[in-house]
Asks: 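Okay, handing you the structure first.
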Amino acid sequence: MERKWEAKLKQIEERAACYERKPLSSVYRPRLSKPEEPPSIWKLFHRQTEAFNFVKSCKEDVHVFALEYKVGDGQRIYLVTTYTQLWFYYKSRKNLLHCYEVIPENAVCKLYFDLEFNKHANPEADGKKMVALLIEHVCKALQELYRVNCSAEDVFNLDSSTEEKFSRHLIFQLHDVAFKDNIHVGNFQILKPAFHLIASEDDSISEKTGHGFSHFSETPIKQGISFGKMSPDQDGESWTLNSKELERLGSAKQSSPDLSFLVVRNNTGEKQLFVDLGVYTRNRNFRLYKSSKIGKHVALEIAEDNKFFPKRSETVSEENQCFLSSLVSNVRFSDTLRILTCDTSQNKEKRIECFSSTNTKAENIEGFRCSPYPEIDQFVLSLVNKNGIQGGIRRWSYFFPEELLVYDICKYRWCENIRRAHKSNNIMILVDLKNEVWYQKCHDPVCKAENFKSDCFPLPAEVGLLFLLKEEEEFTATETMNSETENPHKPPPSTLSKGVASDADWDNGIDDTYFLEATEDAELAEAAENGLLSYYSGVDEIPDELILQVLQE
DNA sequence: CAGCGCTACCACACCCC
DNA sequence: GGTGTGGTAGCG
């Protein structure tokens, strides 16, 4: 017993000496100027849904990130924190090496592309040239389909190429324009005509040899795309396309741009597209700027031929600006923001089904559209069905950072600003889920110019209550298997604490020997101080890998 | 104890000519 | 043989 105590004392002394030699880096202190210091948020979850549930319960502007922690099988855990705090711990690049942004389903996001080809299988391919051609093509399409002006200077171009593979991420920084969600980005497939290139008339000779093939010199395409003019609908505010329109445009024979540059060969010599179309799924993980895949050492860095440079800021470093620009789902609501949509005909049918339980088909066809929050949809509908006027929901957008649901209303134009209905401009109902209030804005240029926003009204108790009940259910359902690690900085909100580990749990979770082991290395001590300690405490499998990663640096 | 979402593929049932 | 379904390996 005595011995054990001595040994422990010695270890502690050693640790103290170590800390003296290399003092710990600063702890994150958010907005010190404010008297009530906002709490730091740093929580890890094993399950994505638990992470998103926590975000819902959180008043702050938090986001979900995925962290890879096991080599090989790509296992991930989920981190919830703010952009600011993540960047604080992330920027040194001594830890958090393999981070991914989770692009939330249904949330407004930027246009983005994942580009790649195998260099050996495509010896003739000039990656930079292909990127430039793609950007040019996409900009042209944005102009012709949505009247959006942009150029290569609005495209953040990140490189993650290796000896083997050419690999890029493009993140479009459009001015006051974003897509409804990443599924719509996926539907916006200007590149579909290029599929004909893969399917049709494959020259079997070069396919077999896999050499002597240049897609630049290939036979001209029969099918291309000519971008017809988008006609704004009645109110001139809709920028909606569906795949049929795209098809129609795609089948037009005139002035087909040459898309053959998009065709590359994979390892086995088969034709495929330069653009990876597999990155437009729900809750897609998209690797962060300056992160590498686990087991690899190539991080996403600004490409040589990048032409986008964020605006200089007094308060935010250039690197931080780049980081923020690289985030696909970092789009905030603004009065001037235009939301682009691109539907498939399938989706339209689905939406109709979605509402058929409560409404007649006739109504649905006229464009009633449901959000992931049917109770709120119903409430909004009740707001715009007044005084014999049957208003409807033309569409909705969800802004993840603010937890804001924006409903574009049709056929009901009462505006609180002018205290009468607008003649030709539609109104919006905005539902703030964080503060559980709703208010009205509108598309009228005059109202917009004065930045009109009606008073806030509380959401009816039923809606709020339904909400809480739903969440409560989810929390209790996952409670038994719930063992996410706790953030040492902040105790969980008491109302939700039953679903998360308590501070006491956290203390008990520290494995003393492990702690000593971990802090033997000064860098690890720093990592621990930087918030990763919470990581070590509750999760058994993660630490080894993290230690390995930190030691390798 | 512990990832997620999706597609391609396969086995099998059922139906019809 | 054509079509629908349900389960799953494997990919991004």
Side-chain angles (χ1 to χ4, degrees), chain A residues 43-55 63-80 98-107 109 112-118 158 160-162 164-170 181-187 189 191-192 195 198-199 264 266-268 270 272-288 291-296 298 300 328-329 344 346-347 350 372 474-475 477-486 499-501 505 509 534-546:
Chain A
K43 269 178 80 67
L44 292 159
F45 302 87
H46 279 291
R47 306 289 188 182
Q48 185 178 262
T49 45
E50 290 168 10
F52 277 111
N53 282 339
F54 177 67
V55 169
H63 298 263
V64 181
F65 302 90
L67 315 178
E68 265 182 320
Y69 71 93
K70 245 189 210 169
V71 186
D73 61 357
Q75 277 225 57
R76 280 146 206 230
I77 54 167
Y78 299 90
L79 165 66
V80 176
H98 320 293
C99 291
Y100 296 74
E101 172 187 12
V102 180
I103 303 167
E105 61 178 308
N106 295 318
C109 72
Y112 64 100
F113 291 93
D114 180 22
L115 309 174
E116 56 184 37
F117 65 82
N118 184 299
L158 299 176
S160 191
S161 297
T162 62
E164 280 270 297
K165 211 167 110 178
F166 180 89
S167 171
R168 294 288 179 98
H169 281 188
L170 304 182
D181 62 32
N182 74 327
I183 307 297
H184 283 258
V185 174
N187 294 337
Q189 275 321 321
L191 315 162
K192 267 176 190 153
F195 279 116
I198 301 174
V264 292
N266 68 10
N267 292 335
T268 56
E270 290 168 314
Q272 61 173 45
L273 284 189
F274 175 41
V275 178
D276 179 0
L277 298 179
V279 298
Y280 305 111
T281 54
R282 293 174 162 74
N283 301 316
R284 161 67 41 179
N285 290 189
F286 211 49
R287 189 148 51 93
L288 288 189
S291 265
S292 59
K293 285 183 186 168
I294 202 161
K296 306 261 172 84
V298 187
L300 278 159
V328 172
S329 45
T344 61
Q346 286 172 2
N347 282 346
K350 269 187 193 163
E474 276 159 17
F475 267 97
T478 51
E479 193 172 10
T480 46
M481 21 196 315
N482 200 346
S483 71
E484 65 269 40
T485 52
E486 186 50 67
V500 295
D505 289 339
S534 62
Y535 217 82
Y536 299 155
S537 60
V539 185
D540 293 326
E541 305 262 359
I542 298 164
D544 289 345
E545 187 43 44
L546 261 177

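Proteins come first, then strands; the chains are lettered A, B, ... in the order of their sequence lines, and each starts at number 1. Owing to the predicted nature of the structure, the values given are computational and were not obtained by experimental measurement.
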Asks: Expressed in angstrom and rounded to an integer, what is the separation of A:Q272 atom CD from C:dG12 atom P?
Replies: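 Those two atoms, CD and P, are 9 Å apart.
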Asks: For the residue pair A:F274 and A:F117, categorise the inter-ring angle as parallel (less than 30°), tilted (30 to 60°) or perpendicular (more than 60°).
Replies: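 Tilted: the ring planes of A:F274 and A:F117 meet at 30° to 60°.
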Asks: Rounded to whole Å, please give me the gap between CG in A:N182 and P in C:dG12.
Replies: 18 Å
Asks: Quick one: A:L277 CG to C:dC11 P, roughly how many Å, whole number?
Replies: 18 Å
Asks: Without decimals, in angstroms, what is the distance between A:D114 CG and C:dG12 P?
Replies: 10 Å
Asks: Please report the closest heavy-atom contact between A:I183 and A:D181, naming both atoms and the distance.
Replies: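 Closest approach of A:I183 to A:D181: N-OD1, 2.9 Å.
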Asks: So, for A:F45 and A:F54, is the gap between ring centers shorter than 6.0 Å?
Replies: yes
Asks: For nucleotides 4-9 of chain B, tabulate all protein N/O to nucleotide N/O atom pairs closer than 3.5 Å, reporting atom names and distance.
Replies:
residue	atom	partner	partner atom	Å
B:dC4	OP1	A:Q48	N	3.2
B:dC4	OP2	A:R47	NH1	3.3
B:dC4	O3'	A:Q48	NE2	3.1
B:dG5	OP1	A:Q48	NE2	3.4
B:dG5	OP1	A:N283	ND2	3.3
B:dC6	OP1	A:R282	NH1	3.1

Asks: For the residue pair A:H169 and A:F286, categorise the inter-ring angle as parallel (less than 30°), tilted (30 to 60°) or perpendicular (more than 60°).
Replies: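 Taking A:F286 first and then A:H169, their aromatic rings lie parallel (interplane angle under 30°).
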Asks: Between atom NZ in A:K70 and atom P in B:dA2, what is the gap in whole Å?
Replies: 7 Å
Asks: Within the structure provided, determine whether A:L67 and A:R76 are in side-chain contact (heavy-atom separation under 4.5 Å).
Replies: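 No, side chains not in contact.
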Asks: Under the side-chain contact (heavy atoms from CB on, under 4.5 Å) rule, what do A:V328 and A:V185 come out as? Steps first, then yes or no, please.
Replies: CA-CA 11 Å; A:V328 172; A:V185 174; over 6 Å; no
